Amino acid sequence: MILLDRVTKKYGKKGLALDRVSLHIAPKEFVLIVGSSGAGKSTLLKLLTREEKPTSGKIVVGGVDYDRLKDREVPLLRRKIGTIFQDFKLLPNRTVFENIAFALEIVGMTNKEIQFTVPKVIDLVGLNGKEHNFPKELSGGEQQRVAIARAVVRQPKILIADEPTGNLDPKHAWDVVSVLEKINQHGTTVLMTTHNQEIVNKLQRRVITIDGGKVSQDVAGRKS
Ligand code: ADP
């Protein structure tokens, strides 16, 4: 569960990015966050990943009260929250397999476990046969699916996707969204920001609109 209670974020004295935002997102929901550029969407996501701290208000994610979170506990929190971005952020000199394996190496998983786990997520995102390709040998949609595989390989409870289709043509964008839906069906909460109205219409999920740092609309989707 994600809970925000009157969360305000100011950058410096003036820059009010979020203004008393209250939200409740249930486990396993698929939520779209929309709003014009500068509305506060990325700030909201950064507060959840603890890249930023709120100026005031309460945040509780998966039972963790962020007011009580110690800095040394943040890495553990981030393992429960997978992230993907518009610019895939893959390691260019590593293959698909190695990019995904890296997420497991850094948490100390054994080679045997890695060899067992990575093929499962490669299969999940539909990249069988591309294991030994380098990112530059893949389409944008395939690169984003590697980034998704890397984000979910540690089985996070929540997947945060900040404009994941922003760099993709409509066909690849939809491939990526389909993979996110599949991951959601496996029980992961998905929060996704998007500017793509077609995706919003087609997905029929809950849509939260942020406008000038406030939630201006929160509409349940038919599939929510
Ligand atoms: P969105 O993701 O909806 O485009 P952001 O959350 O990035 O919006 O930004 C919300 C507001 O906060 C904007 O006015 C932006 O300029 C400001 N802002 C975002 N990040 C910073 C920062 N690190 N320092 C100062 N102002 C920021």
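Keep in mind that the numbers below use all heavy atoms, side chains included, and drop hydrogens, waters and symmetry copies. Whatever order the structure lists ligands and atoms in, that order sets their numbers, starting from 1. Quick caveat, the model's predicted, so the values are computed rather than measured.
Within the structure, ligand 1 lacks G35 among the residues with a heavy atom less than 4.0 angstrom away. Heavy-atom separations between S36 and ligand 1 include at least one value shorter than 4.0 Å. Ligand 1 lies less than 4.0 angstrom from a heavy atom belonging to S37.
The N/O atoms of S42, backbone and side chain alike, include one that comes under 3.5 Å of an N/O atom in ligand 1.
Going from atom OG of S178 over to atom CG of L203 covers 8.5 Å, rounded to the nearest 0.5 Å. The NZ atom of K10 sits 7.5 Å away from the OG atom of S56 when rounded to the nearest 0.5 Å.
No side-chain N or O of N196 forms a donor-acceptor pair with one of T165 less than 3.5 Å apart.
Distance check for atom 20 (N) of ligand 1: a protein heavy atom is found below 4.0 Å.
With respect to atom 12 (O) of ligand 1, the closest heavy atom belonging to the protein is A17 CB, 3.4 Å. Among protein heavy atoms, atom 6 (O) of ligand 1 sits closest to T43 OG1, 2.5 Å. Nearest protein heavy-atom contact of atom 25 (C) of ligand 1 is Y11 CB, 3.3 Å. For atom 8 (O) of ligand 1, the closest non-hydrogen atom on the protein side is G40 N, 3.1 Å. With respect to atom 10 (C) of ligand 1, the closest heavy atom belonging to the protein is G38 O, 3.3 Å.
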(request) Take K157 and T188 through the side chain to side chain contact (heavy atoms under 4.5 Å, CB included) test and state the conclusion after the steps. (result) CA-CA 5 Å; K157 294 261 185 291; T188 305; over 6 Å; no
(request) Take D169 and H172, measure what side-chain hydrogen bond (donor to acceptor under 3.5 Å, both in side chains) needs, and give me the verdict at the end. (result) CA-CA 6 Å; D169 59 43; H172 287 125; 3.2 Å; yes
(message) Could you go through F30 and L180, starting from their C-alpha distance and side-chain angles, then the distance that decides it, and tell me whether this counts as side chain to side chain contact (heavy atoms under 4.5 Å, CB included)?
(response) CA-CA 9 Å; F30 192 128; L180 293 177; 4.1 Å; yes
(request) Would you sort out whether Y11 and T43 count as a side-chain hydrogen bond (donor to acceptor under 3.5 Å, both in side chains), showing the intermediate values? (result) CA-CA 10 Å; Y11 292 105; T43 299; 2.9 Å; yes
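Listed by atom number, the atoms of ligand 1 under 4.0 Å from A39 heavy atoms are 1 (P), 3 (O), 8 (O). Those atoms of ligand 1 with a heavy atom of K41 less than 4.0 angstrom away are 1 (P), 2 (O), 3 (O), 4 (O), 6 (O), 8 (O).
For the pair K112 and F116, the NZ or CZ position fails the cation-pi test of under 6.0 Å to the six-membered ring centre and within 45 degrees of the ring normal.
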